[in-house]
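Following this message is one structure expressed as structure tokens.
Numbers for residues simply follow the sequence, beginning at 1. Note that the structure is predicted; figures quoted are calculated from it, not measured.
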Amino acid sequence: MSDSQVSLVEVSIEYESDVIRLIMDWEPGYLIKKAIYVEDGREIVFEGLEELVNDSSIYSEKVLEAHMIWLLYNFNREMSLVKNEGMELCEKISIWIEALENQMSPSLLAVSYNPDRRDIVLDMLNTQINGLYEIVDYMNTTINKHCKRLSKYLKGIYRYKKNDRTRKKFYEIYAGWLSSELREKSLESYKDYGLKEVNRRLLRIASPMVKSKLLHINADPFEKVNLQAAVNLRICDDSTLYISIINSSINLLEYIRDNVSEMDELMSADIEKIYERLDDILDEMGRLVANVKSLYLNLEPL
């Protein structure tokens with residue numbers, strides 16, 4: 001199968017008593033390549049988005065409307081999953097930090113009374129190293145895919161801003177979408193993790209100019225799309241940085257472990273140096289959690 005075939009997405013959408021079949025190109029953002037409107041067994045075929053936009057029939061209107069709602073529904077659903085996975089990453093790192101804090105002092109204290117018991121520190125270090133490898137694996141298998149999972153829906157929605165007819169149509173659709181049961185269903189898995197309360201406090205204390213901007217973003221769907229695209233771009237750019245930070249912590253832990261394994265005994269000066277290095281790692285990982293959380297908190301529904 002060719003790459004072009006792999007990138008094609010086919011869906012069937014029920015529209016009242018009729019069916020709309022869409023064949024879309026995933027890479028440019030679910031671009032309609034072919035649309036088939038089925039009414040009482042009769043098929044009305046449109047060869048791509050341009051034909052749909054230039055056609056003034058009721059069928060093209062319904063196809064465009066169905067596609068817009070499909071994009072909104074699937075963005076909200078996918079965004080909810082991505083946000084939860086990002087926050088799960090924060091939880092995994094926080095649990096790792098807590099585990100290191102809980103193990104560090106008892107392990108090093110035990111060795112201070114038994115200088116030849118390097119195995120106590122080595123076991124602690126190996127446990128923490130394995131924990132970080134599991135976090136990196138989670139990032140490679142899940143977090144690094146977040147960017148593409150969201151960007152295609154955002155591209156598809158934003159494309160409708162470029163044409164007068166589709167832009168007007170999207171505004172009409174979005175006005176009804178905000179209070180629809182379908183939107184509510186698309187957000188079954190969504191959690192705001194306290195962001196609504198943060199925004200309410202911000203609105204209360206914001207200057208009139210900032211408040212106007214915040215309200216404007218909430219009112220205009222394309223401004224919302226721009227904001228989510230900016231957050232998504234940060235997710236793209238920062239995920240590699242996050243892995244690099246964790247890998248640096250792994251390297252330092254492995255360096256400490258290798259040094260400890262070569263010592264006959266751990267003296268108080270050695271233990272003090274280990275404390276300092278582990279504290280540096282904890283500080284770095286704590287900052288990482290704060291950065292990841294602040295980024296994923298800004299993923300919001302359309």
Side-chain angles (χ1 to χ4, degrees), residues 81-149 191 193-195 231 234-299:
L81 296 174
V82 164
K83 185 167 187 170
N84 291 341
E85 287 165 359
M87 299 305 282
E88 183 177 343
L89 172 63
C90 295
E91 183 67 13
K92 286 178 181 293
I93 299 172
S94 295
I95 290 172
W96 182 89
I97 290 171
E98 185 177 356
L100 178 54
E101 288 174 335
N102 289 339
Q103 287 186 330
M104 184 170 68
S105 293
S107 299
L108 293 173
L109 184 62
V111 176
S112 68
Y113 290 109
N114 302 277
D116 59 332
R117 291 296 308 276
R118 294 172 305 157
D119 58 298
I120 298 174
V121 176
L122 291 174
D123 288 345
M124 181 264 290
L125 292 171
N126 281 323
T127 298
Q128 300 309 318
I129 290 167
N130 291 335
L132 285 185
Y133 274 121
E134 289 175 8
I135 291 172
V136 170
D137 182 62
Y138 179 74
M139 293 192 69
N140 283 324
T141 58
T142 304
I143 303 299
N144 279 353
K145 297 177 182 178
H146 284 174
C147 176
K148 284 191 174 182
R149 283 167 61 184
K191 300 175 185 176
Y193 296 95
L195 187 61
V231 174
R234 279 290 305 277
I235 289 173
C236 295
D237 292 342
D238 288 1
S239 60
T240 303
L241 173 62
Y242 297 154
I243 290 178
S244 175
I245 291 171
I246 296 173
N247 279 332
S248 294
S249 295
I250 290 173
N251 291 338
L252 183 51
L253 286 171
E254 290 179 336
Y255 175 78
I256 296 169
R257 179 195 62 190
D258 293 344
N259 281 347
V260 169
S261 65
E262 294 173 0
M263 296 177 181
D264 295 326
E265 293 183 343
L266 283 174
M267 300 294 98
S268 58
D270 300 318
I271 292 172
E272 187 175 339
K273 287 181 181 178
I274 293 173
Y275 265 118
E276 290 175 358
R277 287 171 173 170
L278 293 181
D279 281 338
D280 288 342
I281 293 173
L282 288 170
D283 289 342
E284 190 69 25
M285 297 299 285
R287 285 192 291 270
L288 177 59
V289 170
N291 287 333
V292 174
K293 186 173 292 186
S294 66
L295 179 57
Y296 278 89
L297 271 177
N298 284 289
L299 283 176

Does the side chain of M267 reach to within under 4.5 Å of the side chain of D270, using non-hydrogen atoms? yes
Are V121 and N126 side-chain neighbours, meaning at least one heavy-atom pair lies under 4.5 Å? no
Residues which pass side-chain hydrogen bond (donor to acceptor under 3.5 Å, both in side chains) with D280, listed by chain and number, not counting sequence neighbours: none
When E85 is tested against each of R149, K145, K92 for salt bridge (charged side-chain N to carboxylate O under 4.0 Å, His left out), which residue passes?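 With E85 as partner, R149, K145, K92 yield a single salt bridge (charged side-chain N to carboxylate O under 4.0 Å, His left out), made by R149.
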Shortest non-hydrogen contact from N298 to S294?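 Here N298 and S294 meet closest at ND2-O, 2.7 Å.
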Basic-acidic side-chain contact under 4.0 Å: E276, K273: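 Not counted as a salt bridge, because no side-chain N and carboxylate O are separated by less than 4.0 Å.
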Hey, could you give me the CD/CZ distance between Q128 and R257, rounded to the nearest 0.5 Å? 12.5 Å
Is there a donor-acceptor pair under 3.5 Å between the side chain of T142 and the backbone N or O of M139?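 Answer holds: no.
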In Å and rounded to the nearest 0.5 Å, what is the CG to CD1 distance from N102 to I95?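 Going from CG on N102 over to CD1 on I95, the span is 11.5 Å.
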What is the minimum heavy-atom distance between Y296 and I143, and which atoms define it? OH-CG2, 3.5 Å
Is it true that N84 and Y193 share a donor-acceptor pair across their side chains at a distance under 3.5 Å?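 Per modelled atom types, Y193 and N84 side chains form a pair under 3.5 Å.
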Tell me whether E272 at atom CD has more than 12 heavy atoms from other residues, nucleotides or ligands lying less than 6.0 Å away. no
Spell out, as yes or no, whether a donor-acceptor pair under 3.5 Å connects the side chain of S244 to the backbone of T240. no
Measure from the side-chain N and O atoms of K83 to the backbone N and O of L297, and report whether any donor-acceptor pair falls under 3.5 Å. yes
Pairwise distance CZ(R287) to CG(L282) - rounded to 0.5 angstrom: 10.5 Å
Using side chain to side chain contact (heavy atoms under 4.5 Å, CB included), reason through V260 and I274 one step at a time and then give a plain yes or no. CA-CA 9 Å; V260 169; I274 293 173; 3.8 Å; yes
Drop me the distance from D279's CG to E284's CD, to the nearest 0.5 angstrom. 13.0 Å
Are more than 12 heavy atoms from other residues, nucleotides or ligands located less than 6.0 Å from atom CD of E98? no
Does E91 reach the side chain of V289, with side-chain heavy atoms less than 4.5 Å apart? no
By side-chain hydrogen bond (donor to acceptor under 3.5 Å, both in side chains) - contacts of R234 (at least two apart):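 side-chain hydrogen bond (donor to acceptor under 3.5 Å, both in side chains) list for R234, sorted by chain: D238.
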Between N144 and N140 (side chain of the first, backbone of the second, donor and acceptor by atom type, cut-off under 3.5 Å), is there such a pair? no
Going through the checks in order, is the side chain to side chain contact (heavy atoms under 4.5 Å, CB included) test met by L89 and K293? CA-CA 9 Å; L89 172 63; K293 186 173 292 186; over 6 Å; no
Taking every non-hydrogen atom, the tightest pair across S261 and L122: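 Shortest heavy-atom separation between S261 and L122 comes out as N-CD2, 4.0 Å.
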With heavy-atom distances below 4.5 Å as the criterion, would you say the side chains of L100 and M124 are in contact? yes
Looking at S249 and M285, what are the two nearest heavy atoms and their distance?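 The pair with the smallest heavy-atom distance is OG-SD, 3.7 Å.
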Do L278 and L253 have side-chain heavy atoms sitting under 4.5 Å apart? yes
Applying side-chain contact (heavy atoms from CB on, under 4.5 Å) between I250 and each of N130, I135, V136, report the one that passes. V136
Gap separating the CG atom of L132 from the CG atom of L252, nearest 0.5 angstrom: 10.5 Å
Within 6.0 angstrom of Y255 OH, more than 12 heavy atoms from elsewhere: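 At most 12 heavy atoms, drawn from other residues, nucleotides or ligands, come within 6.0 Å of this atom.
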Could you tell me the separation between the CD1 atom of I245 and the CG atom of L241, rounded to the nearest 0.5 Å?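 If we round to the nearest 0.5 Å, I245:CD1 and L241:CG are 4.0 Å apart.
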Please report the shortest heavy-atom distance between V82 and L299, naming the atom on each side.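 Minimum heavy-atom separation between V82 and L299: CG1-CD1, 3.8 Å.
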Can you run down the disulfide (SG to SG under 2.5 Å) pairs that involve residues 236-282, sequence neighbours left out, and say none if there aren't any?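 Listed once each, the pairs are C147-C236.
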Contact check, side chains of I129 and Y133, non-hydrogen atoms, under 4.5 Å: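 Sidechains of Y133 and I129: in contact.
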